[in-house]
K.L.:
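Below: one structure in structure tokens.
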Amino acid sequence: MAGLFQGKVAVVTGAGLGLGRAAAMAFAREGARVVVADIDSKNGQLTVDAIKKAGGEAMFIKTDVSREADVAAMVDKTVADYGRLDCAHNNVGIEELPHPITEGTEEQWYRLVDVDLKGIWLCLKHEIKYMENHGGGSIVNTSSIAGLIGAPGQAIYSACKWGVNGLTKSAAADYAKKGIRVNSVCPAGMKGTGFYKRMLANQPGMAEAVVRMVPLGRDSEPEEIAEAVIWLCSDRASYVTGAVMPIDGGFTVS
Ligand SMILES: NC(=O)c1ccc[n+]([C@@H]2O[C@H](COP(=O)([O-])OP(=O)(O)OC[C@H]3O[C@@H](n4cnc5c(N)ncnc54)[C@H](O)[C@@H]3O)[C@@H](O)[C@H]2O)c1
């Protein structure tokens, strides 16, 4: 397959479902060999099967992004099997059930922070370790509109997503001279994802309330966010680093 990533290798975390699957499919369509990293083997393998069925190349690596040993092993296996690592989409994020801060628990705090914030930091750490010694690369982290404004009832999630943007800008500043670009995308509601379905189930009326605040008047498809991920990772975005890009139908314009 010819394309933007011909001859390149891309890792996508959380690629078993939702945005990660859409991004993995898009990388493969553009010629990359894709590592589908997910804690869920069944869905991860389904993504690999879908990529292969469409004529692309991919492998699944079971990874819990909150565990350093898993993340290090995922990068090592990528390089061992595919010979290189050019692009990474650090995308895993889990949500919390809405609650007032006064009712939050330490358990909720650590669950979210471990996956949504430490997971991104661990991925950056191990991907950059390889990229800085092998000619650079490009990385996109998934943040959220909750990383640009407050998220009522989801203070821990929002703090993590602001943290993801902080990690993005810091890593961009630290590694620009090594040829590594680091950016983040900030989606609003993405239809059909596991995250979105759980939100509909747990917060009736929430999706409609969010859509009413979107100037474009609808939620996105995950593929619309994947487009930005692909562009940011590609050489077409060669002068873009440290960008925190809302892709939210205008949700955060005012
Ligand atoms: N869906 C939305 O409406 C929405 C809106 C804004 C931001 N986001 C962000 O987009 C990203 C992707 O969300 P999505 O909606 O596609 O989610 P999703 O729930 O559909 O998919 C998440 C994937 O991550 C995997 N995963 C969960 N914990 C993991 C772990 N510890 N290690 C490895 N894999 C793990 C799951 O198995 C799943 O395949 C997240 O960072 C989320 O915060 C989502």
Side-chain angles (χ1 to χ4, degrees), residues 11-26 35-48 50 60-71 73-74 88-96 110-123 126 140-149 151 154 156-165 167-168 184-203 206-211 213-214 218-226 228-229 244-249 251-252:
V11 160
V12 182
T13 71
L17 268 184
L19 172 56
R21 177 174 287 177
M25 299 287 299
V35 171
V36 170
D38 204 292
I39 200 168
D40 182 330
S41 304
K42 187 164 166 261
N43 282 335
Q45 194 54 52
L46 285 174
T47 301
V48 168
F60 173 68
I61 303 180
K62 185 175 169 73
T63 312
D64 178 347
V65 295
S66 69
R67 292 169 44 93
E68 180 153 24
D70 276 26
V71 175
M74 182 267 288
H89 178 200
N90 300 325
N91 165 68
V92 172
I94 56 173
E95 72 282 9
E96 59 182 326
Y110 285 119
R111 178 176 162 270
L112 263 283
V113 170
D114 263 10
V115 175
D116 289 8
L117 188 55
K118 191 178 90 175
I120 299 281
W121 171 70
L122 286 174
C123 288
H126 289 280
V140 173
N141 299 318
T142 300
S143 178
S144 165
I145 52 168
L148 299 170
I149 55 176
Q154 296 177 70
I156 309 173
Y157 179 74
S158 178
C160 289
K161 293 303 191 181
W162 279 81
V164 169
N165 291 336
L167 286 170
T168 297
S184 62
V185 290
C186 300
M190 284 185 285
K191 279 184 273 190
T193 62
F195 189 110
Y196 188 87
K197 287 178 187 161
R198 290 188 296 274
M199 183 178 83
L200 291 186
N202 293 322
Q203 300 166 261
M206 179 70 173
E208 294 80 358
V210 171
V211 166
M213 292 188 276
V214 177
R218 62 175 178 86
D219 289 317
S220 73
E221 302 293 338
E223 288 75 14
E224 294 178 285
I225 314 301
V229 172
V244 167
M245 186 184 281
I247 310 169
D248 61 358
F251 188 98
T252 54

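Every number for a ligand or one of its atoms is a count from 1 in the order of the listing.
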K.L.:
Let me confirm one number: the CD-SG distance from Gln154 to Cys160, rounded to the nearest 0.5 Å.
P.N.:
11.0 Å

K.L.:
For ligand 1, is any non-hydrogen atom under 4.0 Å from Ala37's backbone (N, CA, C, O), its side chain (CB onward), both, or neither?
P.N.:
neither

K.L.:
Please determine whether any non-hydrogen atom of Cys186 lies less than 4.0 Å from an atom of ligand 1.
P.N.:
no

K.L.:
Within this structure, what is the OG-CG distance for the pair Ser66 and Leu112, rounded to the nearest 0.5 Å?
P.N.:
11.5 Å

K.L.:
In Å, rounded to the nearest 0.5 Å, how long is the span from OG1 of Thr252 to CD1 of Ile247?
P.N.:
10.5 Å

K.L.:
Just verifying a value: how many Å separate Asn90 CG and Ser143 OG, rounded to the nearest 0.5 Å?
P.N.:
12.5 Å

K.L.:
Could you check whether any side-chain N or O of Thr63 sits under 3.5 Å from a backbone N or O of Met74, counting only pairs where one atom can act as donor and the other as acceptor?
P.N.:
no

K.L.:
Which atoms from ligand 1 have a heavy atom of Gly189 less than 4.0 Å away?
P.N.:
3 (O)

K.L.:
How close does the nearest protein non-hydrogen atom get to atom 22 (C) of ligand 1, and which residue and atom is it?
P.N.:
Gly14 O, 4.4 Å

K.L.:
Among all the protein's non-hydrogen atoms, which is closest to atom 17 (O) of ligand 1, and how far away is it?
P.N.:
Phe195 CB, 3.6 Å

K.L.:
Would you mind checking which non-hydrogen protein atom is closest to atom 39 (O) of ligand 1, with the distance to 0.1 Å?
P.N.:
Asp38 OD2, 2.6 Å

K.L.:
For ligand 1, indicate whether the residue Thr63 contacts it via side chain, backbone, both or neither (heavy-atom separation under 4.0 Å).
P.N.:
backbone

K.L.:
Would you check if Pro246 and Leu148 make a side-chain contact, meaning some heavy-atom pair closer than 4.5 Å?
P.N.:
yes

K.L.:
Looking only at protein heavy atoms, identify the closest one to atom 40 (C) of ligand 1 and say how far it is in Å.
P.N.:
Asn91 O, 3.3 Å

K.L.:
For ligand 1, which atoms have a heavy atom of Gly93 less than 4.0 angstrom away?
P.N.:
40 (C), 41 (O), 43 (O)

K.L.:
For residues Ala50 and Met25, report the shortest heavy-atom separation together with the two atoms involved.
P.N.:
CB-SD, 3.8 Å

K.L.:
Quick one: look at Ala188 and ligand 1, take heavy-atom pairs under 4.0 Å, and tell me if it's side chain, backbone, both or neither.
P.N.:
backbone

K.L.:
Of all the non-hydrogen atoms in the protein, which one sits nearest to atom 16 (O) of ligand 1, and at what distance?
P.N.:
Leu19 N, 2.8 Å

K.L.:
Show which atoms of ligand 1 fall inside a sub-4.0 Å distance from at least one heavy-atom site of Asp64.
P.N.:
30 (C), 31 (N), 32 (N)

K.L.:
Step by step, work out the side chain to side chain contact (heavy atoms under 4.5 Å, CB included) result for Glu95 and Arg198.
P.N.:
CA-CA 9 Å; Glu95 72 282 9; Arg198 290 188 296 274; 2.5 Å; yes

K.L.:
To which protein heavy atom is atom 32 (N) of ligand 1 closest, and what is the distance rounded to 0.1 Å?
P.N.:
Val65 N, 3.0 Å

K.L.:
Just verifying a value: how many Å separate Ile225 CD1 and Asp248 CG, rounded to the nearest 0.5 Å?
P.N.:
8.5 Å

K.L.:
Do the side chain of Asn165 and the main chain of Gly147 share a donor and acceptor less than 3.5 angstrom apart?
P.N.:
yes

K.L.:
For Cys186 and Val244, which heavy atoms make the closest approach, and how far apart are they?
P.N.:
SG-CG1, 3.6 Å

K.L.:
Taking only heavy atoms of Leu17, which atoms of ligand 1 are found under 4.0 Å from at least one of them?
P.N.:
20 (O), 21 (O), 39 (O)

K.L.:
Going by the order shown, which atoms of ligand 1 are within less than 4.0 Å of some heavy atom of Arg198?
P.N.:
19 (O)

K.L.:
Just jot down the ligand 1 atoms closer than 4.0 angstrom to any heavy atom of Gly18, in number order.
P.N.:
16 (O), 20 (O)

K.L.:
Do the side chain of Ser158 and the main chain of Ala146 share a donor and acceptor less than 3.5 angstrom apart?
P.N.:
yes

K.L.:
Taking distance alone, with N or O pairs closer than 3.5 Å, would you say Gly194 contacts ligand 1?
P.N.:
yes

K.L.:
Lys161: heavy atom below 4.0 Å from ligand 1, yes or no?
P.N.:
yes

K.L.:
Using side chain to side chain contact (heavy atoms under 4.5 Å, CB included) as the criterion, list what pairs up with Ala226, not counting sequence neighbours.
P.N.:
Leu19, Ala22, Ala23

K.L.:
So is Met199 in contact with ligand 1, going by heavy-atom distances below 4.0 Å?
P.N.:
no

K.L.:
I need the atoms of ligand 1 closer than 4.0 Å to a non-hydrogen atom of Ser143, numbered in the order shown.
P.N.:
7 (C), 9 (C)

K.L.:
Could you find the nearest protein heavy atom to atom 44 (C) of ligand 1 and give me its residue, atom name and distance?
P.N.:
Met190 CE, 3.3 Å

K.L.:
So, is Val115 polar-close to ligand 1, with some N/O to N/O distance under 3.5 Å?
P.N.:
no

K.L.:
With heavy-atom distances below 4.0 Å as the criterion, list the atoms of ligand 1 near Asp40.
P.N.:
37 (O)

K.L.:
Under 4.0 Å, counting heavy atoms only: does Thr13 come that close to any atom of ligand 1?
P.N.:
no

K.L.:
Where the side chain of Arg21 meets the backbone of Asn43, is there a donor-acceptor pair that is under 3.5 Å apart?
P.N.:
yes

K.L.:
With no hydrogens and no angle check, do the side chains of Thr142 and Asn91 hold a donor and an acceptor under 3.5 Å apart?
P.N.:
yes

K.L.:
Which residue and atom name correspond to the protein heavy atom nearest atom 1 (N) of ligand 1, and how close is it?
P.N.:
Thr193 OG1, 2.9 Å

K.L.:
Does Ala22 have a non-hydrogen atom less than 4.0 Å from ligand 1?
P.N.:
no

K.L.:
Return the set of residues passing salt bridge (charged side-chain N to carboxylate O under 4.0 Å, His left out) with Glu221 (not counting sequence neighbours), or none when no residue passes.
P.N.:
Lys191

K.L.:
Below 4.0 Å from any atom of ligand 1, is there a heavy atom belonging to Val92?
P.N.:
yes

